[in-house]
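By convention here, the first residue in the shown sequence is residue 1.
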Amino acid sequence: LEGDTVHISFSRDITERKLFEQSLQRRVNELNILQEVSAICLENADENETISAITCLIGDSLYPDHFGVMLLDEEQGVLNIHPSYQGLSEKDHKLVIQLGDGIAGQVASENQPIRVADVSSEKDYIAPSITQSSELCVPISINGTVYGVINAESNQKSAFSVEDERLLETVADQLALALQKSRLYGEEKNRRIEAEANREASTALTGSLDLSEVLDNILLNLRKVVQSDQVSIHLFENDHVEIVAGKGFDNPDEVIGFTYPFDNKLAKEVYDTRKALVLDDVLKDPRFENFGNVDARGWIAAPLIEQDNVIGYLTIDSKQKGAFTEADADRVQVFANNAAGAIVKARLFEDEKNRRLEAEIQQE
């Protein structure tokens, strides 16, 4: 009986370890996919190229049954299926969905994701020629402006989890930024120059899994995205915020390692709104607390969002008033999306390394 107890306990340990490793591998795979999505959004100025590349990447690797993008024609009030949409017949590619109709139409109309375990029980489901069993649809939107939806369907019931929904929402956020950028800012040449500079900066983050090196690379390359005097990384840790890294400060020892309460007004606003914040003159803003007597006037804070979690934010400071624009904030936010993934991946690697080290010590 005692031998059986040991065997059961050993089997349980192996099972739990396998589940942990599978979960860890899924997280790493998702982070790699999100970094590739970010690179695609930065590299391609043309929205059709961006959508096609993202559809191919995610459809082939995660949702092979039925996956793609539908773009909103706001003037006509309809969703048009993008040519890159995978899993549809030629006839289905010509479908036009009225805003508010079907699952996709509801998502675009209400700007909220919908996850359906069994579409046969959904009276508003619009069935294509090849009927699927479950569906996940998320809006592509930014600042209340809806550009379309990302839609995934499976021939299996209950195929999509909360994790799938969060992943596609993160992809949709990055795609929305890319679409906004391609439609609203600059001529083609300027967009390509800007995208290339940001892509090179973001790509530089993937070269290391050492957390201290990742943080240092983020700061170095952030200053290439937007010219600034000072940059820093603030991470949320339970009930407080810590400035874990920074560059350009006259008194770095007073800044780096500094902690302050989570209810700090500006930190709380960035966390709650999940949007980049631009201030023309922080010294005149009553919410600003000048940690370490930082010599800053113009200021940007961009949330670090990974898989729907705000893990902290980046700050970009200038000694000049009104130094930054909303376009600067958008560029920083695109970079921050990739930086968040790099930080989380480095932390996962560090946690796994520590876990293995502890296991080796216990075995000794």
Side-chain angles (χ1 to χ4, degrees), residues 34 37-38 41-42 45 47-48 50-51 54 68-82 96-115 124 135-152 162 165-186 191 194 198 265-280 285 287 299-311 313-314 324-338 340:
L34 289 175
V37 168
S38 181
C41 289
L42 293 168
E47 70 174 54
N48 288 317
T50 301
I51 293 170
I54 290 175
V69 169
M70 303 178 193
L71 292 177
L72 176 63
D73 182 338
E74 193 169 6
E75 190 172 311
Q76 300 295 322
V78 299
L79 287 170
N80 294 308
I81 296 172
H82 193 267
V96 175
I97 299 174
Q98 296 292 325
L99 197 61
D101 288 353
I103 294 171
Q106 291 178 51
V107 170
S109 176
E110 299 170 7
N111 196 14
Q112 293 293 329
I114 294 178
R115 181 160 43 96
D124 294 325
E135 182 171 3
L136 170 60
C137 189
V138 301
I140 304 167
S141 67
I142 184 170
N143 297 331
T145 299
V146 177
Y147 292 103
V149 301
I150 294 178
N151 196 53
V162 173
E165 184 173 324
R166 288 175 179 168
L167 175 65
L168 286 191
E169 284 186 307
T170 304
V171 172
D173 288 343
Q174 295 198 37
L175 180 54
L177 280 169
L179 294 180
Q180 181 194 61
K181 180 176 157 186
S182 68
R183 294 181 182 186
L184 298 180
Y185 298 120
R191 287 202 302 268
E194 177 186 299
N198 208 330
K265 291 181 180 179
L266 282 177
K268 192 76 165 55
E269 180 166 342
V270 173
Y271 181 87
D272 290 339
T273 64
R274 309 164 70 85
K275 298 176 182 176
L277 178 64
V278 183
L279 299 180
D280 287 337
D285 193 299
R287 299 167 297 177
W299 189 80
I300 296 176
L304 292 160
I305 305 174
E306 196 284 315
Q307 286 291 78
D308 204 40
N309 296 315
V310 184
I311 64 170
Y313 61 99
L314 304 176
F324 305 118
T325 66
E326 291 296 334
D328 292 325
D330 289 341
R331 287 196 295 274
V332 173
Q333 188 59 65
V334 172
F335 178 82
N337 291 336
N338 205 31

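From T145, atom OG1 reaches atom CG of N111 across 9.0 Å, with rounding to the nearest 0.5 Å. To the nearest 0.5 Å, atom CZ of residue F324 and atom CG of residue D280 are 10.5 Å apart. Put simply, NZ on K181 and CZ on R331 are 8.0 Å apart, with the number rounded to the nearest 0.5 Å. Between N309 atom CG and R274 atom CZ the span is 7.5 Å, to the nearest 0.5 Å. The CZ atom of R166 lies 9.0 Å from the CD atom of E169; values are rounded to the nearest 0.5 Å. One finds the OG atom of S141 at 10.5 Å from the CG atom of L175 (value rounded to the nearest 0.5 Å).
Nearest heavy atom pair, residue S38 against residue V334, reads OG-O, 4.1 Å. Counting all heavy atoms, side chain and backbone alike, C137 lies closest to N151 at CB-OD1, 3.2 Å. When all heavy atoms of A104 and I97 are compared, the pair lying nearest together is CB-CD1, 4.4 Å. Considering every non-hydrogen atom in both I311 and A340, the closest pair reads CD1-O, 4.0 Å. Here the closest heavy-atom approach between residue A176 and residue I142 is recorded as CB-CB, 4.1 Å. Between L99 and S109, the shortest heavy-atom contact is CD1-N, 3.8 Å.
Side-chain atoms of D285 come within 3.5 Å of backbone N or O of R287 as a donor-acceptor pair. Distance alone, capped at 3.5 Å, is enough to place a donor-acceptor pair between the Q333 side chain and the P303 backbone. A donor-acceptor pair is defined here as one N or O able to donate and one able to accept, closer than 3.5 Å; such a pair exists between the side chain of T273 and the backbone of E269.
Here the side chains of V107 and V138 are not in contact, with every heavy-atom distance at 4.5 Å or above. Looking only at side-chain heavy atoms (C-beta outward), V171 and L34 come within less than 4.5 Å of each other. The closest side-chain heavy-atom distance from F335 to L42 is not below 4.5 Å. Y313 places none of its side-chain heavy atoms less than 4.5 Å from the side chain of L266. Looking at heavy atoms from C-beta onward, I54 lies in side-chain contact with C41 at the 4.5 angstrom threshold. Counting heavy atoms from C-beta on, the side chains of L304 and L314 come closer than 4.5 Å. With a 4.5 Å cut-off on side-chain heavy atoms, H82 and N48 count as touching. The closest side-chain heavy-atom distance from L71 to I51 is below 4.5 Å.
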Given the rule in the side-chain contact (heavy atoms from CB on, under 4.5 Å) test, do I140 and M70 qualify, once you have shown the distances and angles that lead to the verdict?
CA-CA 9 Å; I140 304 167; M70 303 178 193; over 6 Å; no
message: I'd like to know whether L136 forms a side-chain contact (heavy atoms from CB on, under 4.5 Å) with L168, so could you lay out the CA-CA distance, the side-chain angles of the two residues, the decisive distance to 0.1 Å, and finally the verdict.
response: CA-CA 9 Å; L136 170 60; L168 286 191; 3.7 Å; yes
Exercise. Step by step, work out the side-chain contact (heavy atoms from CB on, under 4.5 Å) result for V96 and Q76.
Key: CA-CA 10 Å; V96 175; Q76 300 295 322; over 6 Å; no
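A 6.0 Å sphere centred on CD of E110 holds more than 12 heavy atoms belonging to other residues, nucleotides or ligands.
Among D173, L177, T170, V37, the one residue that satisfies the side-chain contact (heavy atoms from CB on, under 4.5 Å) test with N337 is L177.
The closest side-chain donor-acceptor pair between D328 and T325 falls under 3.5 angstrom.
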